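Note that this is a predicted model, so its numbers are computed, not measured.
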Amino acid sequence: MLYALLKSLVLMLAISAVYAEEIYRWQDENGKFYFSDKRREGAERLTIKPGYSYHRIQYVYDGDTVKLVDGRKIRLLGINTPEVEGRNKNAEAGGEEAKRWLTHALKGKRVRLVHDSEQKDKYGRTLAHLFTEDGLHLNLELVRLGLAALSIFPPNLRYSDELLRAQTEAEKNSRGIWRRPEYRIKPAPSLRAGNHRGWQRISGRVKKIRTTRKYVYLTLGERVDFRIERANLALFPNPSSYVGKEVEIRGWLNRSKKHFSMLIRHPSSVKML
């Protein structure tokens, strides 16, 4: 019994040391088994299954949504890529570029899924970070190349620090969307009914704060504000620290008559200027 346990322990240590590499087993003339990651004559190659499974992609919808062969629709966590032409949606600058890159990156590859606090969104899509068999973090790479912007929805905060560093690098080097004129910063007073749709970058000085039971509103003028849910306030600096500061907010605007408001879910969507 003790020998069997020791043998299992040796095998587990060997597997953990080499991760997904090949493991070989052989037996000496006394019947004792040996294990190694080095091939040798007469050794048996063992099939080692990792603690997760890999999946093949059936279809790439756009830069942040794919379909697995098992039918699951996967929405990549923490990021947003521009839209591609589709039913009830218009193409956005950079959308096809992101889709082409992801399609190429997935060609002939399988992926593993890493989930966060929430496994599905309100549309029934599975939420995940995708990693290829060779270790490429696709969500992160899309951001690093400037093909996607951060879109972090608490409580799904896994890899948020890594994603933010990748976006800072992409923005600093004017990659992808960060060099496109369609995504230049718009001063808050320039917003009109015809130029507020889609993902936006809006700048302005925070004038004041007002609160409701659900939100803290920070106003950038009479017609523009951004709001933070009270449930997420612990992720942010004290809202009063924004007052009097010039900021850039990133996300999607809601319009009510001549007033515009942006819901900010994570501090990565507010940049001090």
Side-chain angles (χ1 to χ4, degrees), residues 20 50-70 72-84 92-180 183 198-199 201 232 235 250-252 264-269 271:
Y52 41 77
S53 56
Y54 284 97
H55 307 272
R56 294 205 178 273
I57 303 296
Q58 183 180 83
Y59 187 76
V60 176
Y61 292 96
D62 54 30
D64 56 36
T65 312
V66 301
K67 184 179 181 181
L68 303 182
V69 292
D70 64 14
R72 280 182 292 169
K73 195 171 184 179
I74 310 298
R75 177 62 168 82
L76 275 65
L77 270 169
I79 70 171
N80 178 73
T81 60
E83 298 286 358
V84 298
E92 296 176 334
E96 285 295 337
E97 183 183 0
K99 180 181 178 180
R100 282 195 302 271
W101 182 89
L102 185 59
T103 301
H104 179 75
L106 289 169
K107 189 174 182 179
K109 301 285 181 67
R110 297 187 304 167
V111 297
R112 65 181 175 94
L113 281 58
V114 176
H115 299 290
D116 208 331
S117 296
E118 298 173 328
Q119 294 208 11
K120 289 187 180 291
D121 66 9
K122 63 182 180 181
Y123 305 108
R125 299 176 298 187
T126 297
L127 300 171
H129 291 269
L130 295 188
F131 290 80
T132 62
E133 289 173 288
D134 52 3
L136 184 65
H137 185 180
L138 294 168
N139 311 50
L140 185 68
E141 193 66 8
L142 282 159
V143 173
R144 191 186 70 80
L145 294 173
L147 300 173
L150 295 196
S151 185
I152 297 174
F153 283 39
N156 302 307
L157 303 175
R158 195 167 194 171
Y159 303 118
S160 57
D161 290 341
E162 294 93 329
L163 290 168
L164 182 55
R165 285 195 293 269
Q167 178 166 278
T168 301
E169 178 189 346
E171 190 174 354
K172 180 180 178 180
N173 291 285
S174 299
R175 297 176 189 151
I177 62 173
W178 306 107
R179 68 170 179 268
R180 288 183 174 271
Y183 302 112
W199 185 82
R201 301 171 65 195
N232 294 330
L235 299 172
R250 299 167 173 183
W252 292 264
I264 299 295
R265 295 181 170 88
H266 187 265
S268 59
S269 295
K271 181 180 179 181

- List the atom of L150, the atom of S268, and the distance in Å for their closest heavy-atom pair. CD1-CB, 3.8 Å
- Message: Minimum heavy-atom separation for K73 and T65, please, with both atom names.
- Response: CE-CG2, 3.7 Å
- Query: If every non-hydrogen atom of R265 is compared with every non-hydrogen atom of N232, which pair is closest and at what distance?
  - Reply: O-ND2, 3.8 Å
- Side-chain donor/acceptor of R158 to backbone N/O of H115, under 3.5 Å: yes
- State, to 0.1 Å, how close I177 and A149 come at their nearest heavy-atom pair, and which atoms those are. CD1-CB, 3.8 Å
- Task: Could you walk me through whether D62 and E92 pass side chain to side chain contact (heavy atoms under 4.5 Å, CB included), step by step?
- Result: CA-CA 11 Å; D62 54 30; E92 296 176 334; over 6 Å; no
- Any idea which heavy atoms bring D70 and H55 closest together, and the distance? OD2-ND1, 4.1 Å
- Message: For a 4.5 angstrom cut-off between non-hydrogen side-chain atoms, does L136 reach K109?
- Response: no
- Message: Contact between K172 and W178 at the side-chain level, heavy atoms closer than 4.5 Å - yes or no?
- Response: no
- Is the backbone N or O of S117 less than 3.5 Å from a side-chain atom of N156, with the two atoms forming a donor-acceptor pair by type? yes
- Heavy-atom side-chain proximity of Y61 to I74 below 4.5 angstrom: no
- Within-4.5 Å side-chain heavy-atom neighbours: I79 and L147: no
- Query: Ignoring hydrogens and geometry, is there a side-chain-to-backbone donor-acceptor pair from R175 to R144 under 3.5 Å?
  - Reply: yes
- Query: So, the side chain of D64 versus the backbone of R75: is there a donor-acceptor pair under 3.5 Å, distance only?
  - Reply: no
- Might you work through the side chain to side chain contact (heavy atoms under 4.5 Å, CB included) test for L68 and T126, ending with a clear yes or no? CA-CA 10 Å; L68 303 182; T126 297; over 6 Å; no
- Message: Could you tell me if the side chain of N139 sits less than 4.5 Å from the side chain of Y159, heavy atoms only?
- Response: no
- Task: Kindly assign one of parallel, tilted or perpendicular to the pair F131 and H137, based on the angle between their ring planes and the thresholds 30° and 60°.
- Result: parallel
- Query: If every non-hydrogen atom of P154 is compared with every non-hydrogen atom of L235, which pair is closest and at what distance?
  - Reply: CG-CD1, 3.5 Å
- Query: So, does Y183 use its side chain to make a donor-acceptor pair with the main chain of A93 at under 3.5 Å?
  - Reply: yes
- Sub-3.5 Å donor-acceptor pair from the side chain of D121 to the main-chain atoms of L127, do we have one? no
- Note, V66 side chain near L130 side chain (heavy atom, < 4.5 Å): yes
